[in-house]
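Quick notes on the structure that follows.
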Amino acid sequence: MELTVLGQSQTTAPEAGGCASSGCGSNDDQLNHLPEHIRAKVHNHPCYSEEAHHHYARMHVAVAPACNIQCHYCNRKYDCSNESRPGVVSELLTPDQAVKKVMTVAANIPQMTVLGIAGPGDPLANPERTFDTFRQLTEKAPDIKLCVSTNGLALPELVDELCKHNIDHVTMTINCVDPDIGAQIYPWIFWKNRRVYGRKGAEILIKQQQKGLQMLVDRGILVKVNSVMIPGVNDKHLEEVSKAVKAKGAFLHNVMPLIAEAEHGTFYGVMGQRGPTHDELQELQDACSGDMNMMRHCRQCRADAVGMLGEDRGDEFTMDKIEAVDVDYAAAMVKRTEVHAAIEATLAAKHQKKNETFISLSSLSIPKKETRPVLMAIATSGGGIINQHFGHAREFLIYEANAHDVRFISHRKTDLYCSGDDTCGDGESVLQKTINALKGCEVVLCSKIGYEPWGMLEEAGIMPNGEHALEAIEDAVAAVYKEMGEKGLLDKKLETKQRATA
Ligand code: CLF
Ligand code: SF4
């Protein structure tokens, strides 16, 4: 049985050492295709490798308050929405405070491998603060990868400065390559000491983004492109964007859903512009994945996020808590190296086991044309294993199994309905919302589940399963798929194909 490599495509190989091969933003099988120097860059970056995000953490420091453009999905009272959850305000730090915070977090969360600057404005519109932070960290904490995100307007002028600071991961938000569409997203940009409005501003921004992308690729820097999917504005256009950025050598494409709420005070929020449904987002990601490696595990972090993707431990590391802490970073680096080695050993064992699982999957005696893919929802608190109580999950990872492969599709957020009481009480309406959020899934895998949610899930056509607690997610999904095949559940179509619409 041959494993399908998802989202795989040959990326135009930059001579200077950029992405020379396929696949990332997904599992380790894809990383195996990469040249060693690229693999070294992505294997423990939780955003660039889907597998890494189960094991490694990232953190952001909010040192960059200003911005040089206006996006219709952003209100500058809040963090940059290009790579952050809209409506969130971060703790603004000076570069010195940021460095202190990063070293404290690195000593306490040794799985933290990446420091990103992603706001609260545009990091490259604040070059002194951004580069001062990077310069100090390169000296004091050389084992931390440095990462930055930008709207791209100031990028071409700062590419050489980025290279000096040893930054080898850059995210650029590119929502369009057509200025007429850009004019519907960006009302103005700030360019050469004045505001440039509408189509003209969008045209300048697009040129700068494309130029900056080429310059980064030429220098061997890995580029992730973020695009905000705005139904009716750029949703039909983003496949073309994907092709264009792939042609230039971008490494990974992350299509994010627009989040527009009236209470955020953004133009789109106030005008009632809707975001995409789960289905629309997935369909676009699938369409783009023919041309580009797709990231599907983005959590739209805060500009001061700390911890694994999907969790936020920022409250443990506010400045008032860490100002007096003394960090012995030499000792921290020893501990960090040990923890990273243990993670790598776990992953190596998992890959070995996964190969065996897939060999047994291939023995399903069901004619291929009659098998159908099955979506399963997973409750996990990290580590790539099923280790969370159904009622404690604030999000579920969605995997798709078919006769060839198991692939990560997305995550879906839910509210916490279980507060540890014996009964669900008022939580029942929240439970109903959770069940609605899991529409389209046929199985939910968790470490434990209560009697009441079990019954409600079953009634909704979603089979709860606690038999694979503490197993690796992909192994468990493959095993359940195999069991379904053996029971004859895969050789007929679902009578009603439920797909989440909210
Ligand atoms: Fe931060 Fe972005 Fe670097 Fe990651 S986040 S600067 S590449 S370290 Fe990651 Fe967060 Fe999505 Fe960004 S999940 S919002 S993609
Ligand atoms: Fe807001 Fe970021 Fe757009 Fe600037 S680039 S307007 S901070 S979303």
Side-chain angles (χ1 to χ4, degrees), residues 24-25 41-42 44-50 52-53 56-90 102 112-126 130 134 144-155 167-175 182 185-190 201 205 209 221-228 251-260 264-268 294-312 411:
C24 134
K41 284 182 184 177
V42 299
N44 62 356
H45 192 308
C47 303
Y48 281 68
S49 157
E50 194 271 313
H53 101 279
Y56 292 104
R58 55 73 185 101
M59 73 174 289
H60 290 165
V61 284
V63 294
C67 188
N68 47 7
I69 68 171
Q70 178 64 55
C71 306
H72 271 326
Y73 46 75
C74 179
N75 175 350
R76 295 296 304 114
K77 279 199 306 195
Y78 303 114
D79 291 355
C80 175
S81 305
N82 276 343
E83 184 146 87
S84 314
R85 182 147 284 270
V88 167
V89 182
S90 294
V102 172
M112 191 278 282
T113 47
V114 178
L115 175 272
I117 300 184
D122 187 78
L124 299 188
N126 303 260
T130 296
F134 284 145
I144 296 176
K145 283 182 196 298
L146 303 177
C147 194
V148 69
S149 80
T150 178
N151 60 43
L153 183 64
L155 183 60
I167 295 157
D168 49 19
H169 297 79
V170 173
T171 293
M172 193 177 355
T173 299
I174 300 180
N175 293 319
I185 302 172
Y186 308 106
W188 55 261
I189 65 166
F190 195 73
L205 178 63
Q209 289 173 336
I221 293 175
L222 293 188
V223 184
K224 171 166 72 63
V225 170
N226 282 1
S227 299
V228 180
F251 187 72
L252 193 60
H253 193 188
N254 174 25
V255 178
M256 309 156 80
L258 172 76
I259 299 174
H264 296 159
T266 60
F267 176 82
Y268 282 150
M294 299 302 293
M295 176 180 190
R296 296 171 192 256
H297 59 284
C298 175
R299 299 300 201 281
Q300 290 173 279
C301 312
R302 297 170 57 109
D304 60 359
V306 174
M308 309 290 283
L309 301 192
E311 76 171 2
D312 195 353
H411 69 284

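Counting begins at 1 with the first residue of the sequence. In each ligand, atom 1 is the first atom listed, and ligand 1 is the first ligand listed.
When each atom of ligand 2 is checked for a heavy atom of Cys74 under 4.0 Å away, the hits are 1 (Fe), 6 (S), 7 (S), 8 (S). Less than 4.0 angstrom separates some heavy atom of Gln300 from each of these atoms of ligand 1: 14 (S). Residue contact check: Ile69 has heavy atoms under 4.0 Å from atoms 4 (Fe), 5 (S), 6 (S) of ligand 2. Contact atoms of ligand 2 toward Arg76: 1 (Fe), 7 (S) (distance under 4.0 Å to a heavy atom of the residue). Near Asn151, with a cut-off below 4.0 Å to any heavy atom, the atoms of ligand 2 are 5 (S). Of all the atoms in ligand 1, the ones that sit under 4.0 Å from a non-hydrogen atom of Arg299 are 11 (Fe), 13 (S).
No donor-acceptor pair closer than 3.5 Å links the side chain of Arg58 to the backbone N or O of Met112. In terms of modelled atom types and a separation under 3.5 Å, the side chain of Asp79 and the main chain of Gly119 share no donor-acceptor contact. His169 contributes no side-chain N or O that, together with a main-chain N or O of Gly116, makes up a donor-acceptor pair within less than 3.5 Å. Of the possible donor and acceptor atoms, none in the side chain of Asn68 sits under 3.5 Å from a partner among the backbone N and O of Phe190. A distance-only check finds no donor-acceptor pair linking the side chain of Asn226 to the backbone of Met172 [under 3.5 Å]. Under a 3.5 Å cut-off, the side chain of Arg76 and the backbone N or O of Ala66 do not form any donor-acceptor pair. Using a distance-only test at 3.5 Å, with no hydrogens or angles considered, a donor-acceptor pair links the side chain of Ser227 to the main chain of Ile174. In this structure, the side chain of His297 engages the main chain of Cys47 through a donor-acceptor pair within 3.5 Å.
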* Asked: Asn151 and Thr173: side-chain hydrogen bond (donor to acceptor under 3.5 Å, both in side chains), yes or no, with the steps?
  -> CA-CA 5 Å; Asn151 60 43; Thr173 299; over 6 Å; no
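Of all protein heavy atoms, the one lying nearest to atom 8 (S) of ligand 2 is Ser81 N, 3.2 Å. Looking only at protein heavy atoms, the nearest one to atom 2 (Fe) of ligand 2 is Cys80 SG, 2.2 Å. Atom 4 (Fe) of ligand 2 has as its closest protein heavy atom Cys67 SG, 2.2 Å. Regarding atom 11 (Fe) of ligand 1, its nearest protein heavy-atom neighbour is Cys298 SG, 2.3 Å.
The residue from Thr130, Val148, Leu155, Thr150 that alone fulfils the side-chain contact (heavy atoms from CB on, under 4.5 Å) condition with Asp122 is Thr150.
Contact annotation for Met295 and ligand 1: only side-chain heavy atoms (C-beta onward) come within less than 4.0 Å of the ligand.
Residue-ligand proximity: Met59 is placed with every non-hydrogen atom at 4.0 Å or more from ligand 1.
Separating the OH atom in Tyr48 from the CG atom in Asn254 is a distance of 10.0 Å, to the nearest 0.5 Å.
Here the side chains of Lys145 and Asn44 are in contact, with some heavy-atom distance below 4.5 Å. Between Tyr186 and Asn175 there is a side-chain heavy-atom pair separated by less than 4.5 Å.
Counting only non-hydrogen atoms, the option in Val228, Asn68, Asn82 that gets closest to atom 5 (S) of ligand 2 is Asn82.
Sorted by chain and number, the protein atoms of type N, O or S within less than 2.8 Å of atom 4 (Fe) of ligand 1 are Cys47 SG.
Not one N/O/S atom of Cys71, from backbone or side chain, sits under 2.8 Å from atom 2 (Fe) of ligand 2.
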